[in-house]
Amino acid sequence: MAVSETVEIAIVGAGVVGLATALRLAAEGREILLIDPNEPGSGASSGNAGTIAEYACMPVGTPSVLRALPKLLLDPDSPFSLRWPALLQLAPWLVQFMRQSLPAATRANALALAGLLADALPAWEDMAGEAGLEDLLRRNGCLYLYRRESDFAAAAGGRTMRAGFGINQEILTSDEVAALEPGLPATATHGSFFPDSINLTDPATVMRRLLDAATDRGASVRQATITGLQVETGAVRLSGPGFSIKAGTVVIAAGARSRALAAQAGDRIPLETERGYHLEFQTDAPLLTRPVCPVDLGFYMTPMAGRLRVAGTVELGGLAAPPNPRRLALLDRGVRQFFPRLGPPSSEWLGFRPSLPDSRPVIGSSRGNSRVIHAFGHGHLGLTLAPITARLVADLIGGRGDPARLAPFAADRFGR
């Protein structure tokens, strides 16, 4: 029999967005219950590249990606791929993705993301101080590595947009890249350096400290799977196997698993899953001093505590299929182009990113009922945007929300 109880605010999903939101709301004195079937902070929140990427305003879909899309999707070793058995399921999403990759849509999406990212670093600094994360942050910037002149030329539009949005970036020569990262082989033609970027030395430890900070302020955690959401008079009922709770407000922050709950709230969101991979290699000494992204390979190499994490690429294909060994082999071959003497990987990982065709998250009230608030769909930017999303959700719940700021991230932007 399901045990029924009541709570002021239930947050469905204890990934980085849910944890940051719980911390923010608990610090305001709210009664918070975090609900997740898995360990809080696990999944993509711990398996990411560890980069707080305030520069990453360019959406996944751009005119250059659109031009290359047939080649990318047909090449199983490209940075952007799909599982062909899932093509029928993915077709509506891909159609919207192509529309969002046209020039005007690309600029609108980049502008919306830049508006969120402008406050990402200050929000992270505030959250780091509140949760005691300072020793896990490295302020060394991030380097994009261009090994082909054609890739550097293709990225010109992105550089121009970032400059127009006031994002701090430096264009480096091959000699300047070598001076910045002397451990890399001399293969770069150019580099883009983002000096303000922060990276994490251990994302899993960051997640544990966020959880501790939230529970220290009174938040509770329940391991449960939520399958039902029903709006009732003055409340929202959440239910699942052996579980039922009535909440005054529900925040849906369940990442790649948010679509079904949003639909029950009355919002049809074209959310799909990007399957992200990483490999880790134990290292006696750091091989790099900051995250480095070889743009032709589509992954990050991030130095972490005692190891190098190689994370990234895009594989569309849902939640159910097992890891694709070809994607892991792609990461392994790629990193050995830079560090051929690496030993075998010490660990491998598959996780799920919540991906929307326009690369914008959904943040704001459900159009069906203001007691349901969406906070999901951050794609590659969940780690970066978690604390600013938490602020926006807290402001909305506290009656301080700015409708104009939330408009680009509204659920109704996709129609009915």
Side-chain angles (χ1 to χ4, degrees), residues 1-19 21-22 25 31-45 86 88-90 92-93 211 214 219-275 317-322 350-356 361-378 382 389 393 397 411 414 416:
M1 179 182 295
V3 177
S4 183
E5 55 186 295
T6 61
V7 69
E8 181 186 5
I9 300 171
I11 301 173
V12 184
V16 65
V17 174
L19 289 170
T21 303
L25 289 168
E31 181 192 17
I32 304 299
L33 176 63
L34 270 166
I35 308 168
D36 199 296
N38 302 307
E39 180 182 354
S42 59
S45 297
L88 188 62
Q89 170 194 327
L90 290 167
W93 187 95
L211 175 63
S220 300
V221 183
R222 187 72 54 83
Q223 185 172 359
T225 299
I226 301 300
T227 56
L229 182 153
Q230 183 177 0
V231 177
E232 301 180 350
T233 302
V236 181
R237 181 168 296 280
L238 298 172
S239 58
F243 182 85
S244 177
I245 191 166
K246 184 181 287 189
T249 300
V250 167
V251 179
I252 301 177
R257 294 175 172 85
S258 298
R259 182 173 61 185
L261 289 176
Q264 292 180 58
D267 300 304
R268 296 182 62 185
I269 310 295
L271 185 73
E272 277 299 342
T273 303
E274 287 184 26
R275 297 155 54 85
L319 297 161
L350 163 68
F352 307 107
R353 306 186 195 105
S355 183
L356 289 160
V362 179
I363 306 172
S365 298
S366 166
R367 58 188 160 189
N369 192 286
S370 61
R371 291 183 178 275
V372 177
I373 296 176
H374 300 309
F376 61 85
H378 294 75
T389 299
V393 170
I397 292 173
F414 301 107
R416 294 192 175 272

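For the pair R275 (side chain) and P322 (backbone), a donor-acceptor distance under 3.5 Å is present. Listed for the S355 side chain is no donor-acceptor partner under 3.5 Å among the backbone atoms of E274. Within the 3.5 Å criterion, the main-chain N or O of G248 finds a donor-acceptor partner in the side chain of R371. A donor-acceptor pair is defined here as one N or O able to donate and one able to accept, closer than 3.5 Å; such a pair exists between the side chain of E31 and the backbone of E8.
The shortest non-hydrogen separation linking V372 to A265 is CG1-CB, 3.9 Å. Of all heavy-atom pairs between R367 and G266, the closest is NE-O, 3.5 Å. Closest of all the heavy-atom pairs between P92 and L88 is CD-O, 3.8 Å. What you find for A411 and I269 is that their closest heavy atoms are CB-CD1, 3.8 Å. Summarising the geometry of A375 relative to V17, their closest heavy-atom pair is O-CG1, 3.6 Å, with the distance given to 0.1 Å. Nearest approach of A86 to G317, heavy atoms of both residues: CB-CA, 4.1 Å.
Note: L356 CG to S258 OG = 9.5 Å, rounded to the nearest 0.5 Å. The structure places OG1 of T273 at 7.5 Å from CD of Q89, a figure rounded to the nearest 0.5 Å. Between F243 atom CZ and E5 atom CD the span is 6.0 Å, to the nearest 0.5 Å. Distance check, rounded to the nearest 0.5 Å: CG of L33 to CZ of R222 gives 5.5 Å. The structure places CD1 of I245 at 8.0 Å from CD1 of I226, a figure rounded to the nearest 0.5 Å. A distance of 8.0 Å separates CG of D36 from CD of Q223, quoted to the nearest 0.5 Å.
Under the side chain to side chain contact (heavy atoms under 4.5 Å, CB included) criterion, Q264 pairs with L229, L261, sequence neighbours left out.
Residues L34 and P40 form no side-chain contact, since every pair of their non-hydrogen atoms from C-beta on lies 4.5 Å or further apart.
Test L238, T225, I11 against I35 for side chain to side chain contact (heavy atoms under 4.5 Å, CB included) and you get one pass: L238.
Annotation: L319, atom CG; neighbour count of heavy atoms from other residues, nucleotides and ligands within 6.0 Å is above 12.
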Which donor-acceptor pairs under 3.5 Å do side chains of residues 250-257 form with protein atoms, sequence neighbours excluded?
none

